[in-house]
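What follows is a set of notes on a single structure, which appears directly below.
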Amino acid sequence: MTAVTDTGSSGVAPSVAVPHRSGAARRVLRPGLLLASAYLLLVVLAAIHPDLFAAHPNATDPVNALQGPSGHHVFGTDQLGRDTFARVVHGARTSVAVGLGATALAFGVGAVWGLLASLGGRVLDELLMRIADIFLAMPGTLMALLVVAVLGPSGRNIAIAIAVSLSPGFARVTRVQTLVVKEAGYVRAATSLGVRRRSVIMRHVVPNVLPPLFVLATMNIGSCMIVGSSLSFLGLGPQPPSPEWGSMLSQAREYLQADWSLAVFPGIAITLTVICIGVVGREIQVRFEGRRP
Amino acid sequence: MLPGDPARLIAGSGTLNSASPQVLRLINHQYGFDRPLIDQYGHFLGQLAHGRFGTSYQLNQPVTKVILDQLWATVTVAVGAAVLGFVLALVLALTTAGRPKARAVSSAIELLLVSTPSFWVGILLLSLFSFRLHLFPVLGNEGVQSLVLPWVTMALPIGGALALVMREGVERALDEPFVLTVRARGATQRRVLLRHVLRHALLPVLTLSGWVLGQLLGGVVVVEAVFARAGIGQITLTAVDGRDFPVVTGVVMLAATTFVVINTAVDLLDRVVDPRLRAVAR
Amino acid sequence: MTGQTTGGIAGDTTDRAAGAADGPADAGPLLSVRDLSVEFDTRHGPVRAVRGVDLALRSGQCLAVVGESGSGKSVTARTLVGLAGRNATVRAAELGFEGADLRRNGEQQWRRLRGARIGFVLQDALSSLDPLRRVGDEIAEPLAVHGLLNRRERTARVVDLLTDVGVPEAALRARQYPHELSGGLRQRALIASAIAAGPPLLIADEPTTALDATVQAQVLDLLAARRDDGAAVLLISHDLTVVGRMADHIAVMYAGLVVEEGPAERLLNRPSHPYTVDLLAAAPSFDRAARPSRRTAGLVLAPPADGPGCPYSTRCALADSRCRAELPPLLPLPRKGPPPVDGAETGGTVRCWHAGEIPAGATRDDGAVAEAAPGPSPSEGQAEPLIDARELVKRFRSPDRTWRHAVDGVSFRLRPGEALGVVGESGSGKTTLAHLVTGMLAPDEGTVRLDGEAWSEATERERRPRRSRVQTVQQNPLESFDPRFSVERIVGEALGRPGRRAAAAERRRITELLHRVGLDGSVLQRRGAELSGGQRQRVAIARALAPEPEVIVCDEPVSALDVSVQAQILDLFASLRGDLGVALLFISHDLGVIREVCDRVLVMKDGKVVEEGDVARVFDAPRHPYTQALLAALTRTAALAGSSRAYVPARVALPGEPSGTELL
Amino acid sequence: TSGSSGGSGAAGSGGGTPVTGGTLTYAVNQTQPTLDPAVSPADVTGIVGLAIFDSLVAQTGPTTFKPWLAERWEISPDGKTYTFHLRSGVTFQDGTPFNAAAVKKTLDHVVDPATKSQYAGSLISAYKRSTVVDDATVKVELSRPFTPFLQALSTPYLGIQSPKALALPVSRYKPVGTGPFSFVSWAQQKNIVLVRNPHYTTPSPGAKHTGPAHLDRINIDLITEDTTRYGALTSHQVQAIGSVPPIDVKPLKAAGLQLLRYQAPGANWNVYFNVSRGVTKDVRVRQAVQAAVDMPTLVKSVYFGQYEAAKNSISPNTGYYDTAAESSLQGYDPAKANRLLDEAGWTGRNSQGYRTKDGKELAIEWPYTPAGQRNGRDTLAEGLQAQAKKVGINLKRPSVAVGTYVSDIQKGTYDMLDYSFVRADPDILRLVWGSDQLVSKGGENASYANSPQLDAWLKEASTTEDAAVAERDYAKAQAYVLKNAYLIPGYIEQTTIGASDKLHGVGFTPQSFPNFYDAWLAK
Ligand SMILES: Nc1ncnc2c1ncn2[C@@H]1O[C@H](COP(=O)(O)OP(=O)(O)OP(=O)(O)O)[C@@H](O)[C@H]1O
Ligand SMILES: Nc1ncnc2c1ncn2[C@@H]1O[C@H](COP(=O)(O)OP(=O)(O)OP(=O)(O)O)[C@@H](O)[C@H]1O
Ligand SMILES: [Mg+2]
Ligand SMILES: [Mg+2]
């Protein structure tokens with residue numbers, strides 16, 4: 001019975017009662033959303049209070065190095081016999097801070113940047129976009145080096161460094177979307193209602209510009225966590241032995257032949273976080289847009 | 001520039017100290033490090049303005065030659081990967097847009113791709129297709145054979161990211177009233193997507209090309225290392241390792257130029273894609 | 001002309017259609033629908049848009065669907081091409097086209113029908129073209145999709161088609177983008193696209209709303225020619241003149257039901273359902289400046305009944321407890337009452353318990369009702385002009401790189417309480433003029449002053465505090481709604497309280513505004529895309545009223561409204577003028593409406609005002625050839641209708657006036 | 001007393017008769033700026049140089065040298081003049097005859113500042129001039145007595161080059177020697193191709209055969225990524241790889257491949273204390289750190305038992321290695337570490353559990369530069385950190401850019417530093433501990449050791465002609481630095497080559513370079 005096809009057009013049903021489709025769809029969606037929120041909650045908890053889950057992420061035990069998952073070490077141990085589970089849990093703070101922090105910062109800065117460029121007149125536009133070009137042209141690591149050179153190395157500064165190199169991307173997307181949206185009939189309509197410019201921007205322009213930015217942000221969270229690790233590696237952030245997912249993942253590369261689990265667990269942690277943020281984020285976005293999920 | 005005595009950096013990469021003082025003095029002189037800093041900088045700019053990037057400290061060759069020699073190898077990898085990534089994104093976005101279940105699965109995979117470091121992807125592909133199945137060789141810069149895995153490695157994260165953004169655009173465009181008319185004309189779903197909706201979704205994707213380029217630049221470094229290919233990435237690694245500033249500068253200039261060219265092109269393309277943008281006084 | 005249009009493209013179509021036309025009695029109907037119902041699943045519960053519709057249409061015939069705005073006409077039409085919508089559930093006992101059962105259609109079969117066998121003109125002409133593609137490509141699309149003609153032939157064909165639908169400079173227009181076309185041009189492009197492949201069934205949903213009388217006549221000629229060539233036409237229109245001219249059969253819809261159906265002549269002259277009677281009575285007439293009025297401020301139409309009974313029972317003068325309790329079935333028309341004047345005026349079905357009680361051929365009311373004063377007619381110089389437009393000029397660049405004048409030296413003054421009509425050819429610059437007046441476009445030359453102060457020359461910042469004094473109803477209301485906004489927010493924003501959910505006080509005010517334009521609370525949570533054409537227009541009007549403006553610039557504000565609702569809205573405008581001294585700049589193609597609403601009128605052509613003056617003067621004694629042509633076209637349409645289809649909008653009185661209205 | 005192996009430590013089960021022909025593809029993890037061994041310090045330059053060039057003398061044991069291109073030589077009594085008598089009838093691969101002028105040209109080229117030698121020049125820093133006595137005799141004068149001179153000459157970095165090739169402008173440089181393989185092509189960042197020299201007549205003294213090499217061709221391919229290199233071998237796309245990561249050793253053997261290895265001579269990878277500054281000036285603190293960490297277990301764990309934990313500052317393969325000195329090293333003993341620290345006054349504890357004295361935390365700065373952290377050393381360091389923490393020592397590892405690192409070293413602003421220094425000569429001890437070799441003065445003494453006693457032993461050992469004296473002095477020095485906790489011995493560097501089971505006859509020079517002259521590939 002296909003009263004509704006996926007192509008968006010509707011077939012026709014014989015005179016038979018058709019079950020409520022979206023009700024079913026909603027039921028399908030719910031558990032996913034629940035699981036995702038639950039996982040994120042755990043991650044946040046781990047970031048705030050890792051000792052709730054596991055202690056001693058840095059306790060070495062060289063004799064029991066690179067043991068696969070077992071009853072004693074659920075996720076196994078790493079090259080120094082440290083408990084991978086404890087390290088994944090304790091790694092949440094830095095990773096999430098860098099991933100979310102950098103993305104949020106880049107999102108905010110980039111959105112304002114792009115809005116200013118597209119709404120602020122031609123001179124400002126040229127100026128801001130040339131600056132964005134320069135920023136984009138600088139290799140991300142170089143940029144990060146500069147930022148860290150100025151601010152000094154720390155987790156927060158890593159986030160700032162990454163944000164600085166990401167924000168021009170957000171700015172460009174924002175700008176183009178805004179250029180289209182600001183000519184839309186509803187923006188003109190709002191203007192002609194006498195709505196204040198700032199309100200027009202906040203109520204009509206921004207919300208309609210946001211969706212691609214949301215997507216961009218979601219997909220950036222994961223890459224930020226990874227970039228964060230390579231910056232740590234360059235000595236620009238939290239240093240070993242303090243655990244962090246990205247560097248755990250890159251270190252695991254050396255032990256590829258011996259122990260897969262070393263890469264698997266931090267990898268899963270990153271990916272799950274990103275996907276769950278994606279799921280929850282989409283739900284929020286859909287609600288916000290008043291669209292059907 | 002990084003702190004430290006440049007001459008020492010250039011001369012010493014073996015052990016702690018190995019170049020003799022005479023050698024250091026010579027290097028200092030040859031590269032003008034013995035002149036006042038402002039002089040050096042001015043000279044450097046002057047050289048740049050004339051398109052001279054100077055000579056590689058390490059390779060004793062003009063930087064332009066060093067880069068040009070390797071450019072083609074890198075361009076084939078990067079362009080191929082970009083095209084492949086774009087096609088991948090197209091396919092993913094268009095086949096899954098507006099289908100809640102397919103979209104959920106596909107976007108999970110895309111997020112996975114985006115958040116997996118490319119060295120992992122590369123190593124996994126190599127292990128499977130080269131080491132296990134012997135389908136593609138590790139060695140050799142020649143032929144499409146050796147390009148397949150590097151392309152795929154770089155294309156996967158790019159494709160994943162673009163697919164995410166593109167699908168969002170496609171779904172928004174599918175909601176627009178004109179789609180109904182297009183369907184009423186008997187257009188196939190494929191036509192609706194390719195001829196109409198895709199264009200609407202292209203705008204944010206185009207804008208991301210700067211990001212794609214950045215990905216590509218970062219990607220070649222990893223991919224060339226993992227797949228043992230010669231190219232700009234390898235030069236950059238070696239140059240950064242050996243503090244070969246002229247080469248590093250050359251590579252940065254190359255990247256910057258490419259960025260500016262691409263962004264300018266994108267600004268123009270935007271207006272081709274969306275005629276309404278032409279009206280916007282710019 | 002039409003022969004060229006279809007000849008060679010779908011020869012077999014014509015043959016088959018011709019055959020059908022020859023023996024309509026033998027061949028089954030081309031299209032037959034039985035018990036069609038469509039339900040939308042929205043976030044705020046299901047919406048039953050269509051609740052059991054029966055339709056039949058033969059080749060070479062025209063079936064018109066008329067009815068209340070929001071009664072499900074467009075949804076029915078969309079369902080016939082399998083495009084009811086993503087959130088729609090469709091059921092039908094029968095859904096046949098060309099002998100095939102559409103209910104079994106997969107997406108692929110649908111596709112083969114659409115465009116090739118069924119041409120479809122959507123109601124939303126203004127947002128139905130892909131904004132990123134050239135108009136020509138859009139028109140040629142059905143040909144491309146169904147593999148008819150090669151690329152070069154298509155290009156030539158597009159120009160022919162555009163010419164056929166009366167678009168001047170067709171080649172140039174084909175190269176423009178939709179946003180560069182006026183509403184009427186877009187609508188004609190859409191029609192051209194629908195008929196491009198010569199489909200045997202053409203569904204046209206309000207195809208002439210944005211067209212002036214001359215072009216309208218041309219387009220109707222075209223449709224008539226297609227019909228005479230054997231194509232079936234399903235015409236949805238609120239314009240009874242158009243319906244009267246085109247239709248062989250008429251189906252009247254109300255609240256998702258067909259309430260009456262029958263041959264055009266019979267139905268128009270001897271309506272059997274109380275709603276039909278009311279509808280016909282409400283039709284504006286160009287001949288008479290004012291309609292029989294229920295011009296009492298605050299009188300609005302009651303919404304259709306929700307319960308199990310007849311939905312019209314809330315308005316119907318004949319309604320009794322049975323009506324409210326039990327939905328009447330669609331029954332053949334009883335042959336009671338006085339015999340028909342001529343034999344043709346019989347037949348049809350009606351859904352009314354009281355069908356037999358309605359006096360057939362009800363009394364014609366020839367202007368017996370007192371003519372309401374058309375608002376205060378402020379004498380010149382008495383009040384300061386509220387809007388003073390001088391020598392306005394606006395140019396656009398066309399694809400051939402030349403600058404074209406959309407508005408070319410237009411001046412006018414608008415005083416408080418005055419209503420200035422603007423009529424004119426489609427594409428003559430009316431919308432552009434409206435934009436200039438509201439300050440959405442800056443004039444290239446000339447100025448607009450508001451209440452003596454700079455307006456067009458002011459910066460947006462200076463204009464903003466005075467914005468609430470000038471409101472607008474845009475020609476394309478859908479475009480003017482933020483796609484994320486519910487009706488509640490759309491109207492709420494104009495109240496200056498744009499919260500996602502309005503506070504109780506605001507909400508009351510919003511509901512009240514919606515009531516004034518004949519909408520009930522059920523639309524509050526719907527977004528623009530989920531409304532019918534007429535509902536959108538009324539939401540736009542409600543929004544324009546919200547800030548209590550002094551001037552309203554209306555760009556085709558009632559073009560999508562059926563006559564009864566239209567009457568209500570026009571009454572509303574009149575009371576605004578009379579009671580609050582609101583000035584109107586009123587753009588319309590409907591000369592009857594203009595005549596009813598306005599004191600003075602500007603006639604535009606090619607961006608210039610070609611004639612100006614009192615409505616009565618201009619319409620009764622037009623001086624400029626274009627005005628004369630316009631009026632002639634109107635008369636011709638009416639005359640055609642009058643002669644061949646014997647329809648003159650009639651005033652039907654029901655037993656127990658006041659008819660069909662209730663105080664809210 | 002010398003460690004294992006002399007000459008070319010032949011590896012690869014030499015079973016069967018050598019087969020002539022075939023191409024060996026050898027994947028390395030390192031690129032080089034130039035092919036000129038006089039310039040480049042890279043290991044791969046050594047490997048390639050060894051194939052292309054012959055040297056004047058050959059090192060056959062930790063302290064023994066045999067004639068190669070020089071038939072014999074005399075050293076003047078003051079140790080400052082070496083007279084080499086050369087073989088005749090040898091030609092370079094480009095046809096140029098090998099003679100005294102070629103030797104002079106090569107040595108002059110190495111020290112010419114314009115060459116910008118990064119390593120070879122430093123090997124013969126005492127070089128003054130060469131004089132061509134006759135076609136077959138060349139006299140080399142040194143500015144001071146310099147016993148490591150012969151060892152230096154025996155390295156491929158000082159291989160004798162064709163004067164004709166050296167006369168070409170730098171940009172067109174091609175390596176041309178008298179060695180068993182001649183240079184064909186070099187694709188920067190990619191590979192080096194060598195073919196057999198069919199006219200080869202001068203195998204080194206340790207060689208297993210005479211005449212041309214067995215292999216037709218050698219491709220030296222660059223594969224920087226460990227996993228890829230390993231995979232290329234296991235999938236038989238290459239026949240041998242260099243730098244096998246320890247973790248891959250077991251699977252490699254399991255896959256039926258060979259592992260060839262050779263312990264490098266010279267200073268091991270050790271962690272050196274800065275003995276003249278800060279908290280590590282206190283010997284008790286140094287000893288406490290030594291006792292706090294369990295280096296052998298860590299090495300075993302981190303390197304999967306593939307690397308040998310060092311028991312001395314130098315490798316057993318180095319001349320005059322003294323096994324007895326090993327006993328001067330104290331073992332892992334946290335209790336002792338705690339005791340020592342208490343004695344040294346580090347009795348307080350702060351909130352993080354580190355010891356304090358007068359409110360000052362017991363922090364030891366051990367800077368590193370990420371580029372230098374290959375090969376699991378960072379992991380090792382993390383292990384050390386964790387162990388030190390247990391007794392309350394904060395081993396701090398600030399990561400610094402290479403430039404800062406170098407200048408830090410020169411300023412001596414650190415407490416610990418780790419590095420290794422491969423050199424097949426016991427003189428390495430003087431380079432590492434001699435007070436005349438401080439890093440601040442351009443030497444290798446990074447622990448700022450400044451002990452007159454050490455200096456005396458080392459100076460005497462490097463200048464004496466009496467082997468017994470040298471042996472005694474070197475033994476004393478080895479014991480001294482261990483006893484005084486100048487360092488934490490790390491692990492013994494080794495060259496590990498993974499090879500297909502078809503590859504036979506690969507040898508190693510005392511500098512631990514693989515030698516492919518005797519190598520052959522079974523069909
Ligand atoms: N996608 C949708 N979701 C929810 N409700 C819808 C949707 N489309 C239409 N409706 C509702 O269905 C009813 C019928 O709409 P339809 O467009 O058919 O009216 P109509 O008869 O064409 O009116 P008009 O003359 O104003 O165009 C209206 O109440 C409308 O609000
Ligand atoms: N943005 C634009 N770019 C180019 N041409 C435009 C643009 N907007 C309007 N025009 C042109 O200006 C002319 C006047 O358009 P306008 O929309 O004012 O007509 P109109 O009188 O409102 O017509 P209709 O009754 O069909 O709505 C038309 O020829 C139209 O094509
Ligand atoms: Mg409609
Ligand atoms: Mg218009």
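Order of the sequence lines fixes the chain letters, A, B, ..., with proteins taken first and strands second; residue numbering starts at 1 for each chain. Computation of the quantities below employed the complete heavy-atom set of this structure, encompassing side-chain atoms and omitting hydrogens, waters and symmetry-equivalent molecules.
- Of the listed residues C/Leu132, C/Leu478, C/Val145, the one with more heavy-atom pairs under 4.5 angstrom with chain B than any other is C/Leu132.
- When heavy atoms are compared at a cutoff of 4.5 Å, C/Arg78 approaches chain B solely by way of its side chain, counted from C-beta outward.
- Summarising the geometry, atom CG belonging to C/Leu83 is positioned 5.0 Å from atom CG belonging to B/Leu180; distances are rounded to the nearest 0.5 Å.
- Side-chain atoms of B/Thr181 come within 3.5 Å of backbone N or O of C/Ser128 as a donor-acceptor pair.
- Of the two parts of C/Leu113, neither the backbone nor the side chain holds a non-hydrogen atom closer than 4.5 Å to a non-hydrogen atom of chain B.
- For C/Ile203, no part lies under 4.5 angstrom from a heavy atom of chain B.
- For chain B, the option among C/Ala194, C/Pro178, C/Ser127 with the highest count of heavy-atom pairs below 4.5 Å is C/Ser127.
- Using a 4.5 Å cut-off on side-chain heavy atoms (C-beta onward), B/His200 and C/Pro131 make contact.
- Ion pairing of B/Arg195 with C/Glu141 is absent here, as no side-chain N (NZ or NE/NH1/NH2) approaches a carboxylate O to less than 4.0 Å.
- Of all the heavy atoms in C/Arg111 and B/Ala187, the pair that sits closest is CD-O, 3.3 Å.
- In this structure, the separation between OG1 on B/Thr188 and CZ on C/Arg114 is 10.5 Å, given to the nearest 0.5 Å.
- For B/Arg199, the parts lying near chain C are the backbone and the side chain together; criterion is any non-hydrogen pair under 4.5 Å.
- Note on C/Arg133, C/Arg134, C/Glu180: by heavy-atom pairs under 4.5 Å with chain B, the leading option is C/Arg133.
- Annotation for C/Arg397: atom CZ counts as buried by contact number, over 12 foreign heavy atoms lying within 6.0 Å.
- The side-chain hydrogen bond (donor to acceptor under 3.5 Å, both in side chains) test applied to C/Arg526 returns no partner, not counting sequence neighbours.
- Both the backbone and the side chain of C/Glu138 come within contact range of chain B, judged by heavy atoms closer than 4.5 Å.
- With a 4.5 angstrom heavy-atom cutoff, C/Leu122 touches chain B only via side-chain atoms.
- Scanning both residues, B/Arg191 and C/Ala144, for their nearest heavy atoms gives NH2-CB, 3.7 Å.
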